[in-house]
Amino acid sequence: GMAGKGGTNVDEPLDLLRLSLDERIYVKMRGDRELRGKLHAYDQHLNMVLGEVEEVVTVVEYDEDTFEEHVKMTKRNIDMLYVRGDGVILVSPPLRTS
């Protein structure tokens, strides 16, 4: 790492998660699954515990009669969720949506 560590230095990837503890984050998962929730805990494998989670799953359904694709988004709210790190594609602070 770098010398003179301050509270907000990001030397290693996991430092970003450390700075996001108890903040709301955005997690993109395999299988067109997106999570937004408060980061309660994490480990070096990117396993995470999220609270007050909004989960959005996007499913594309193909209609064989009309040859049309229908995109279906399913939303649900989950109080507490354990996220396995091996399914995580991307983690970021949530986009500020005003």
Side-chain angles (χ1 to χ4, degrees):
M2 293 161 57
K5 268 200 165 72
T8 56
N9 280 14
V10 177
D11 291 344
E12 300 174 24
L14 284 176
D15 289 345
L16 191 64
L17 283 181
R18 180 176 51 79
L19 296 175
S20 299
L21 269 177
D22 292 325
E23 302 281 341
R24 289 189 70 77
I25 60 169
Y26 166 81
V27 183
K28 186 171 173 57
M29 307 286 296
R30 295 175 201 267
D32 291 322
R33 189 171 168 227
E34 299 173 67
L35 306 170
R36 287 173 177 80
K38 186 182 278 194
L39 179 64
H40 287 298
Y42 68 91
D43 67 13
Q44 73 270 23
H45 303 294
L46 275 189
N47 297 317
M48 289 177 271
V49 176
L50 299 178
E52 301 160 45
V53 184
E54 181 191 67
E55 177 196 61
V56 179
V57 179
T58 305
V59 179
V60 178
E61 293 176 339
Y62 183 69
D63 188 325
E64 295 182 357
D65 298 328
T66 62
F67 305 109
E68 287 179 347
E69 287 185 349
H70 300 281
V71 177
K72 205 173 80 182
M73 291 174 73
T74 310
K75 287 190 184 188
R76 63 177 179 150
N77 292 308
I78 307 159
D79 282 344
M80 195 70 77
L81 186 65
Y82 177 84
V83 179
R84 278 185 51 132
D86 56 12
V88 173
I89 295 173
L90 176 152
V91 179
S92 78
L95 298 170
R96 302 279 174 250
T97 49
S98 43

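Residue numbers start at 1 and run along the sequence shown.
- Separating the CD atom in E54 from the CD1 atom in I78 is a distance of 10.0 Å, to the nearest 0.5 Å.
- A distance of 11.0 Å separates OG of S20 from CG of L14, quoted to the nearest 0.5 Å.
- Pairs engaging residues 66-75 under the salt bridge (Lys or Arg N to Asp or Glu O under 4.0 Å) rule: E61-K72 [sequence neighbours left out].
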Output side-chain donor-acceptor pairs under 3.5 Å for residues 37-53, partner residues at least two apart or in another chain, one line each.
residue	atom	partner	partner atom	Å
D43	OD1	H45	N	2.8
D43	OD1	L46	N	3.3
D43	OD1	N47	N	3.1
D43	OD2	N47	ND2	3.0
N47	OD1	G85	N	2.7

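- For D22, there are no side-chain hydrogen bond (donor to acceptor under 3.5 Å, both in side chains) partners two or more places apart in sequence or in a different chain.
- Partners of R30 by side-chain contact (heavy atoms from CB on, under 4.5 Å), not counting sequence neighbours, listed by chain and number: I89.
- Cluster membership check: L81 shares its hydrophobic cluster with L21, using side-chain heavy-atom separations under 4.5 Å among Ile, Leu, Val, Met, Phe, Trp and Tyr.
- In this structure the side chain of V59 never reaches within 4.5 angstrom of the side chain of D32, judged on heavy atoms.
- Atom CG of D86 has more than 12 neighbouring heavy atoms from other residues, nucleotides or ligands inside a 6.0 Å radius.
- The line from CG of L16 to CD1 of I25 is 9.0 Å long, rounded to the nearest 0.5 Å.
- Considering only residues two or more places apart in sequence or on other chains, D63 meets the salt bridge (charged side-chain N to carboxylate O under 4.0 Å, His left out) condition with none of them.
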Step by step, work out the side chain to side chain contact (heavy atoms under 4.5 Å, CB included) result for V83 and L35. CA-CA 10 Å; V83 179; L35 306 170; 3.7 Å; yes

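- In this structure, L19 and E23 approach most closely via the heavy-atom pair O-CG, 4.2 Å.
- Checked against side-chain hydrogen bond (donor to acceptor under 3.5 Å, both in side chains), E55 has the following partners two or more places apart in sequence or in another chain: R33, R76.
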